[in-house]
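Structure, as structure tokens:
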Amino acid sequence: MDYITLKEASQKWNVTPRQINYLCTSGRIPGAVKMATIWLIPKNAEKPVDRRRRENKSQ
């Protein structure tokens, strides 16, 4: 399986590396593994849905 680094994933998904770190730590990126101090993310992983935003806000 091919992996990308946290920095490469942040550029690919247009979010900060800190946000990717949080997603990996909370288990929201399937297949992400931590090798020593580096998170490895599967190359074909999709960006998780951002729970901070609501798509359909009720007014």
Side-chain angles (χ1 to χ4, degrees):
M1 178 178 280
D2 291 332
Y3 290 99
I4 58 175
T5 63
L6 190 132
K7 185 176 179 179
E8 292 168 335
S10 70
Q11 292 172 348
K12 178 180 175 182
W13 294 339
N14 197 28
V15 294
T16 63
R18 179 68 183 124
Q19 182 66 21
I20 301 293
N21 188 32
Y22 172 75
L23 293 171
C24 290
T25 303
S26 62
R28 298 209 28 228
I29 301 177
V33 292
K34 191 168 187 178
M35 299 289 288
T37 60
I38 300 170
W39 280 102
L40 298 174
I41 301 160
K43 198 170 194 174
N44 60 353
E46 294 186 21
K47 179 181 176 183
V49 176
D50 191 352
R51 293 187 200 170
R52 298 174 298 172
R53 304 190 190 279
R54 290 187 186 172
E55 295 297 321
N56 299 319
K57 289 186 179 180
S58 58
Q59 296 177 350

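None of these values were measured; they are calculated from a predicted model.
Counting non-hydrogen atoms of neighbouring residues, nucleotides and ligands closer than 6.0 angstrom, the NZ atom of K47 exceeds 12 such neighbours.
With rounding to the nearest 0.5 angstrom, the CD1 atom of I38 is 12.5 Å from the SG atom of C24. Taking CD1 of I29 as the reference point, atom CD of E46 lies at 11.5 Å (rounded to 0.5 Å). Separation of atoms CD1 (I41) and NZ (K7) is listed at 13.5 Å; rounding is to 0.5 Å.
The list of side-chain hydrogen bond (donor to acceptor under 3.5 Å, both in side chains) pairs with a residue in residues 22-36, not counting sequence neighbours, is empty. Identified under the side-chain hydrogen bond (donor to acceptor under 3.5 Å, both in side chains) test for residues 11-20, with sequence neighbours left out: none.
Of the residues listed (I4, L6, T5), the one engaging W39 in a side-chain contact (heavy atoms from CB on, under 4.5 Å) is L6, and it is the only one.
Not counting sequence neighbours, the partners of P42 by the side chain to side chain contact (heavy atoms under 4.5 Å, CB included) test are M1, Y3, N44, A45.
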